[in-house]
Amino acid sequence: MIKSRNKIRGRKELKKILKGLREKGKKIIFTNGCFDLIHLGHVRYLEKAKGLGDVLVVAINTDSSIRRIKGVKRPITPQRERAEVLASLGSVDYVTFFNEDTPYELIGLIKPDILVKGRDWNKKDIIGRDVVEGSGGRVYAISYIRGTSTTGIIKRILKKYTES
């Protein structure tokens with residue numbers, strides 16, 4: 001079994017690893033997100049994603065990317081910690097980072113066989129769909145567990161700790 005921190009890889013190194021795995025017939029699954037506060041929804045989502053192929057790669061937004069997208073108060077958890085927590089999950093094989101606002105460039109580099117996003121995304125709007133389907137891959141939108149979101153957790157914490 002690969003140690004958690006050994007699952008965290010840079011783009012070029014990851015591309016080389018995935019090439020070798022693909023040559024062995026492995027199907028590469030890719031998903032991405034902020035994964036700011038890991039919760040049950042994330043865990044089940046990643047387990048479902050892993051079930052679609054052999055090797056699950058999770059790309060996480062860097063801290064600066066999250067600040068641009070979600071504002072200066074986020075992320076709550078620094079990127080290296082988020083990466084290590086994700087890498088500790090049995091369903092996750094590799095974790096990498098992207099600093100861009102979208103993972104389009106990374107998807108083009110990795111060319112996964114399967115691209116997965118949450119059901120909150122309309123399948124036709126999933127970033128990288130054209131790359132994956134254009135090379136014969138599949139795109140899936142997986143449903144979330146209601147009531148499990150980082151924003152919802154933050155709101156519950158604030159409510160509980162600001163009530164008199």
Side-chain angles (χ1 to χ4, degrees), residues 1-22 24 26-70 74-121 123 125-129 131-133 135 137-145 148-151 153:
M1 185 166 149
I2 300 172
K3 288 188 176 183
S4 298
R5 283 173 286 184
N6 292 337
K7 292 181 178 183
I8 303 167
R9 303 297 179 118
R11 289 178 187 213
K12 290 179 184 175
E13 185 181 21
L14 183 60
K15 181 180 178 181
K16 184 177 178 181
I17 291 167
L18 297 178
K19 181 179 186 270
L21 290 168
R22 205 175 263 116
K24 293 177 181 176
K26 301 293 184 187
K27 294 287 182 199
I28 309 302
I29 313 135
F30 178 94
T31 194
N32 68 280
C34 296
F35 297 96
D36 195 0
L37 296 176
I38 308 298
H39 53 70
L40 180 63
H42 289 135
V43 172
R44 289 191 183 166
Y45 167 80
L46 293 169
E47 287 174 347
K48 287 179 187 176
K50 173 68 175 204
L52 297 171
D54 301 306
V55 179
L56 177 58
V57 175
V58 180
I60 62 173
N61 296 73
T62 60
D63 293 348
S64 60
S65 173
I66 292 175
R67 278 191 290 278
R68 285 193 309 273
I69 296 165
K70 297 190 178 272
R74 299 278 299 273
I76 303 296
T77 308
Q79 67 192 41
R80 291 303 299 180
E81 291 179 24
R82 290 183 282 125
E84 193 168 335
V85 170
L86 282 169
S88 73
L89 299 175
S91 58
V92 175
D93 295 293
Y94 293 100
V95 178
T96 195
F97 302 97
F98 66 101
N99 193 45
E100 303 83 4
D101 291 347
T102 74
Y104 190 81
E105 183 181 315
L106 181 57
I107 292 167
L109 179 75
I110 291 174
K111 293 187 177 55
D113 302 292
I114 300 161
L115 176 60
V116 179
K117 283 299 284 180
R119 182 91 8 103
D120 57 331
W121 281 81
K123 198 170 169 184
D125 296 328
I126 293 176
I127 293 163
R129 180 179 68 87
V131 173
V132 174
E133 290 180 344
S135 59
R138 309 260 337 240
V139 177
Y140 295 91
I142 296 176
S143 58
Y144 284 128
I145 298 173
T148 61
S149 74
T150 299
T151 302
I153 291 169

Treating [X] as the side-chain partner and [Y] as the backbone partner, does any N or O pair qualify as donor plus acceptor under 3.5 Å?
X: K27; Y: I114; result: no
X: K7; Y: E84; result: no
X: K111; Y: G108; result: yes

Considering all heavy atoms, the nearest [X]-[Y] contact:
X: C34; Y: K70; value: SG-CE, 3.5 Å
X: I17; Y: R9; value: CD1-NH1, 3.3 Å
X: R11; Y: L109; value: CB-CD2, 3.7 Å
X: Y140; Y: I126; value: O-CD1, 4.1 Å
X: T62; Y: R82; value: C-NH2, 3.8 Å

R74 vs I76, side-chain contact (heavy atoms from CB on, under 4.5 Å): CA-CA, chis, key distance, verdict: CA-CA 5 Å; R74 299 278 299 273; I76 303 296; 4.3 Å; yes
Heavy-atom check, side chain of Y45 versus side chain of T31, under 4.5 Å: yes
Side-chain heavy-atom pair L115, V131 within 4.5 angstrom cut-off: no
Results of salt bridge (charged side-chain N to carboxylate O under 4.0 Å, His left out) for D101 - residues two or more places apart only: R68
